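Working notes for the structure below.
Both backbone and side-chain heavy atoms feed into the values below; hydrogens, waters and symmetry mates do not. Owing to the predicted nature of the structure, the values given are computational and were not obtained by experimental measurement.
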Amino acid sequence: ATRPFEARQVIMNQDQLKALVGKAALDYVTEGSVVGVGTGSTVDCFIDALATLAKPIAGAVSSSERSSARLRALGIAVLDSNQLQSVPVYIDGADEIDHAGHMIKGGGAALTREKIVADIARRFICIADESKLVRTLGRFALPVEVIPMATAQVARAFAALGGKAVLREGVLSDNGCKILDVHGLTIADPAAMEREINQWPGVVTVGIFARNKASVCLLGTPAGVKTLIF
């Protein structure tokens with residue numbers, strides 16, 4: 001016999017879960033405000049949902065050329081972050097998020113601009129499917145944006161920590177920099193590791209979001225959207 005809880009389960013694929021949390025994030029958008037918008041396939045779902053709002057927003061500040069193009073195509077104004085002192089919310093996905101709201105981001109190579117927008121936001125709303133929730137960060141390779149001449153030097157520094165840094169071939173960030181993906185790390189203290197790596201010469205930024213961690217995570221599950229507050 002099927003248990004009652006199982007009977008309520010709806011089988012959804014990953015794309016459907018992304019659409020679910022993208023729509024749920026609209027609850028955090030206020031009329032007439034400027035919204036911080038991240039990058040990635042889950043954020044694409046949020047941008048599409050944003051265009052359906054009956055109440056208009058003043059515009060968006062975007063973390064990538066990709067998201068900016070999608071916003072403009074849907075008639076949403078994209079503003080320069082330098083014109084803004086703060087925004088109420090930043091909506092973005094994560095490659096991993098732990099139970100304290102720390103994240104690994106940068107799978108889409110937009111980590112530096114994502115941190116810039118997150119830093120002017122009063123709240124970071126992470127939207128993700130349940131596969132992204134982990135106990136300890138590090139299963140997903142850690143992206144690091146580096147100045148091209150420093151790639152080998154930074155890779156050696158990670159090797160000393162037990163990590164294997166692999167150059168993401170054929171990829172440049174919107175800032176014209178290289179991306180290293182570091183495998184084999186267990187990130188027990190995300191804040192300390194973020195501070196350390198960000199001091200290395202040649203590192204533009206590391207994809208650990210501890211200083212700019214999530215305030216809320218909207219997690220897509222077969223039972224619906226689960227809200228985690230940090």
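- Residues I187 and D98 have side chains not in contact (no heavy-atom distance under 4.5 Å, counting atoms from C-beta outward).
- Residues meeting the salt bridge (charged side-chain N to carboxylate O under 4.0 Å, His left out) test with D189, sequence neighbours left out: none.
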Step by step, would you call S63 with T39 a side-chain hydrogen bond (donor to acceptor under 3.5 Å, both in side chains)? CA-CA 6 Å; S63 67; T39 305; 2.7 Å; yes
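- Qualifying side chain to side chain contact (heavy atoms under 4.5 Å, CB included) partners for V87, counting only residues two or more places apart in sequence or in other chains: V34, V61, L84, I120, A121.
- Between L218 atom CG and Y28 atom OH the span is 5.0 Å, to the nearest 0.5 Å.
- Electrostatic pairing of K18 and D44 does not count as a salt bridge here, judged by no charged N lying under 4.0 Å from a carboxylate O.
- The closest side-chain heavy-atom distance from L133 to H99 is below 4.5 Å.
- Residues A110 and S64 share a closest heavy-atom pair of CB-CB, 4.2 Å.
- In terms of hydrophobic clustering, with Ile, Leu, Val, Met, Phe, Trp and Tyr side chains grouped at heavy-atom distances under 4.5 Å, I104 and L185 are assigned to a common cluster.
- Between the side chain of T42 and the backbone N or O of A128 there is no donor-acceptor pair closer than 3.5 Å.
- No side-chain donor from either of T205 and T112 sits under 3.5 Å from a side-chain acceptor of the other.
- Here the NZ atom belonging to K105 is positioned 9.5 Å from the NZ atom belonging to K132, to the nearest 0.5 angstrom.
- Between L142 and V206, the shortest heavy-atom contact is CD2-CG2, 3.7 Å.
- In this structure, F209 has no ring-ring contact (aromatic ring centres under 6.0 Å, His included) partners at least two apart in sequence or on a different chain.
- Taking CD from E130 and SG from C217, the interatomic distance works out to 11.0 Å, rounded to the nearest 0.5 Å.
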Before giving the answer on side chain to side chain contact (heavy atoms under 4.5 Å, CB included), spell out for V78 and V37 the whole-Å C-alpha distance, their side-chain angles and the decisive distance to 0.1 Å. CA-CA 10 Å; V78 178; V37 177; over 6 Å; no
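- A pairwise comparison of heavy atoms in C177 and P148 identifies CA-CD, 4.5 Å as the closest pair.
- For the side chain to side chain contact (heavy atoms under 4.5 Å, CB included) test, residues two or more places apart in sequence or in another chain that qualify with P88 are S33, R122.
- When all heavy atoms are compared, the tightest approach of Y90 to G38 is OH-CA, 3.3 Å.
- Applying the side chain to side chain donor-acceptor pair (under 3.5 Å) test to every pair with at least one member in residues 45-61, sequence neighbours left out, gives these pairs: D48-R70.
- Evaluation of the side chain to side chain donor-acceptor pair (under 3.5 Å) test over residues 175-184, restricted to residues two or more places apart or in two chains, returns R113-N175, E145-N175, R168-D181.
- Among residues at least two apart or in separate chains, salt bridge (Lys or Arg N to Asp or Glu O under 4.0 Å) pairs with a member in residues 202-228 are D119-R211.
- For the pairing with F46, the side chain to side chain contact (heavy atoms under 4.5 Å, CB included) check across V29, D92, V21 returns one residue only, V29.
- Note that CD1 of I76 is 7.5 Å distant from CD1 of I47, once rounded to the nearest 0.5 Å.
- Counting heavy atoms from C-beta on, the side chains of F230 and H102 never come closer than 4.5 Å.
- Once rounded to the nearest 0.5 Å, the distance linking CD of E65 with CG of D174 reads 5.0 Å.
- At least one donor-acceptor pair under 3.5 Å links the side chain of S62 to the backbone N or O of S68.
- For the pair I97 and V134, the minimum side-chain heavy-atom distance is 4.5 Å or more.
- Under the 4.5 Å side-chain heavy-atom criterion for grouping Ile, Leu, Val, Met, Phe, Trp and Tyr, V35 is not connected to I116 through any hydrophobic cluster.
- A 4.5 Å side-chain heavy-atom check between L74 and L50 finds every atom pair outside the cut-off.
- Considering only residues two or more places apart in sequence or on other chains, Q83 meets the side chain to side chain contact (heavy atoms under 4.5 Å, CB included) condition with L79, D80.
- By the salt bridge (charged side-chain N to carboxylate O under 4.0 Å, His left out) test, K115 is found to be paired with E194, residues two or more places apart in sequence or in another chain being considered.
- Under a hydrophobic clustering in which Ile, Leu, Val, Met, Phe, Trp and Tyr are joined whenever their side-chain heavy atoms come within less than 4.5 Å, directly or via other members, V216 and F124 fall into different clusters.
- Distance check: Q16 CD to C45 SG gives 10.5 Å after rounding to the nearest 0.5 Å.
- Within the structure, the side chain to side chain donor-acceptor pair (under 3.5 Å) test picks out no pair touching residues 151-162 (sequence neighbours left out).
- Of all non-hydrogen atoms in D95 and G106, the two that sit nearest each other are OD2-N, 3.2 Å.
- Scanning all heavy atoms of the two residues, the minimum distance from A58 to G32 falls at CB-O, 3.4 Å.
- L17 and I91 fall within a single hydrophobic cluster, where Ile, Leu, Val, Met, Phe, Trp and Tyr side chains are chained together by heavy-atom contacts under 4.5 Å.
- With sequence neighbours excluded, the residues forming a side chain to side chain contact (heavy atoms under 4.5 Å, CB included) with V203 are V144, V146, V154, I197, N198, W200, listed by chain and number.
- There is no path of hydrophobic side-chain contacts, each under 4.5 Å, that joins I127 to L228.
- In this structure S131 satisfies the side-chain hydrogen bond (donor to acceptor under 3.5 Å, both in side chains) test together with D129, sequence neighbours excluded.
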